[in-house]
Amino acid sequence: MDIADKVPNETDRLEEQLLKNLRTTVERVLPIPHYQESYREIGITQAEDIKSIKDFQRLPLTTKEDLRKNYPFGLFAEPMENIVRLHASSGTTGKPTVVGYTRQDINLWAKIVANELERAGVTKKDVVQIAYGYGLFTGGMGLHYGCEELGAIVVPISGGNTARQLMLMRDFGTTVLACTPSYALYLAESLEESGISRDELKLKIGIFGAEPWTEGMREEIEARLGIKAFDIYGLSEIMGPGVALECPAHRGLHIDEHFYPEILDEEGNPLPNGERGELVITSIEKEGFPVLRYRTKDLTTLHYGPCSCGHFGWTMERVSARVDDMLIIRGVNVFPSQVEEAILLEGFEPHYLLVVYRVGNLDQLEVQVEVNETTFFDEVRELEGRQDKLKKRIEDVLGISVRIRLVEPKSIPRSEGKAIRVIDKRNKEG
Ligand code: DLL
């Protein structure tokens, strides 16, 4: 369904409202030289020049590069005296991207996250253990303010110190765990070795995001922790966690109405709902750091319409990958999530690493996969059989030959934040 598929009067009203909201963001960014210059080039000097969604879609896209060029505060729309918080991306190369929030932005963010958590079933009676990192990363603080707004009890433990996490989870009666899916899996694994039994815990809900994860990974975490897992999406440039979150129907992540999403193809042309491409987001009502048509580099598909939970609007499918994560191996596009799915389908642990290297001029992909303690002592022949099956499944999915290396239990580094899934040695060797 699209906005245009609703009853005509309702359609006009929704489109008019959306346009009004988008014009407000345009108005807010127009005094910023970066936006002003690029908009003037296409004849837009005032918000009223945007007369339709089509006009809006002519506006230039904003990229991470634009944020870097305007480092640190060049794209802020409010004087610094009105900014009350800064966050920054954890980028490993170059300058970080910096975002600023006014007090109203912080309140809005808290409300958005609180609404979404409520829809996922979190209540003020819940004890929420926030094991996302606190600091410049938006994960910890974003969830923190949202939970407080909801009235839930917050345990601001941040990431790491796994034994302590488990002890407090038991002693405080934690009911909701918020962290990356890879850390949730690590906690589940550590729980099994900790001497604390699952029956001693009161966990029931997981709010997991900040990195791509598969449906198979969800099933694994849900089974091992005995919880319902919800996918939460967000990025610091737009606000932080809470741009979208699943509801109990688990039919995609509902995008909050303060964000206007679009999907673009590789050339930057808009794609209709239902088609997969790069997600582009415009913030609505943000003051300190409004962003217009920001290229997220995340690949997903949009749908528009009602959900059984009462939400009406845009829903995005899980982000399976980032454009940046795509490896091109011998001309073939490879995403780590395709390998993760195959690994789980063959009954291996979702602890894996893709190592890409070059022999002569030929790219090679080695998939390192952990075996667990039980299978480690299986007959060599049995293990070889499973390894061959996994190899065949991955090769069928990717369409290129791969090398599988089964590695010892616990030998792939565990992550307390975003997991590292790929080591690309080609450039260093090349
Ligand atoms: O990761 C914000 C966040 C914190 C989201 C906690 C959810 C929970 P950044 O560090 O700026 O912000 O990274 C943003 O992470 O563009 C995606 O590539 C990826 N990402 C975030 N959530 C998901 C998700 C936070 N649910 C980048 N699924 C985004 C897949 C995700 N990828």
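Both backbone and side-chain heavy atoms feed into the values below; hydrogens, waters and symmetry mates do not. This structure is a prediction, so every number in the text was calculated from the model and none was measured.
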For the NZ atom on Lys204, are there more than 12 heavy atoms of other groups (residues, nucleotides or ligands in this structure) within a distance under 6.0 Å? yes
Spacing of CZ belonging to Phe208 relative to CG belonging to Leu177, to within rounding of 0.5 Å: 4.5 Å
I want to check something: taking the side chain as every heavy atom from C-beta on, are Asn333 and Ile328 in contact at a cut-off of under 4.5 Å? yes
When rounded to the nearest 0.5 angstrom, what is the spacing between CD in Glu246 and CG in Leu253? 5.0 Å
Checking Tyr233 against Asp298 for the side-chain hydrogen bond (donor to acceptor under 3.5 Å, both in side chains) test, could you report, in this order, the C-alpha distance in whole Å, the side-chain angles of both residues, the deciding distance, and whether it holds? CA-CA 10 Å; Tyr233 171 81; Asp298 292 324; 2.6 Å; yes
Determine, for Glu215 against Arg218, whether the closest basic-nitrogen to carboxylate-oxygen distance falls under 4.0 angstrom. yes
Under 3.5 Å, is there a donor-acceptor pair between the side chain of Ser337 and the main chain of Ala321? no
Separation of Glu285 CD from Leu108 CG (nearest 0.5 Å): 6.0 Å
Step-by-step side-chain hydrogen bond (donor to acceptor under 3.5 Å, both in side chains) determination, Asn21 to Gln17: CA-CA 6 Å; Asn21 290 340; Gln17 185 58 44; 3.3 Å; yes
So, using salt bridge (Lys or Arg N to Asp or Glu O under 4.0 Å) as the criterion, who are the partners of Arg224 when residues are at least two apart? Glu192, Glu220, Glu349
So Val371 and Pro409, do their side chains get closer than 4.5 Å, heavy atoms only? yes
Could you state the interatomic distance from CG (Leu365) to CD1 (Ile394), rounded to the nearest 0.5 Å? 8.0 Å
Could you tell me whether the side chain of Ser415 reaches within less than 4.5 Å of the side chain of Ile420, counting heavy atoms only? no
With a 4.0 Å cut-off, would you call Glu211 and Lys418 a salt bridge? no
Quick one: OH on Tyr186 to NE2 on His351, what's the gap to the nearest 0.5 Å? 9.5 Å
Consider only side-chain N and O atoms of Thr175 and Asp126, and report whether a donor and an acceptor are under 3.5 Å apart. yes
Can you tell me how the ring of Tyr134 sits relative to the ring of His144, calling it parallel under 30°, perpendicular over 60° and tilted otherwise? perpendicular
Give me the one residue out of Arg276, Arg251, His303 that meets side chain to side chain donor-acceptor pair (under 3.5 Å) with Glu317. His303
Tell me if the CD atom of Gln104 is crowded by more than 12 foreign heavy atoms within 6.0 Å. no
CA sep, side-chain torsions, deciding dist, call: Trp109, Tyr145, ring pair (Phe, Tyr, Trp, His ring centres under 6.0 Å): CA-CA 8 Å; Trp109 185 11; Tyr145 277 64; 7.6 Å; no
Taking the side chain as every heavy atom from C-beta outward, state whether Asp49 and Tyr39 have any pair of such atoms under 4.5 Å apart. no
When rounded to the nearest 0.5 Å, the distance separating CD1 of Ile263 from CG of Asn269 is 13.5 Å
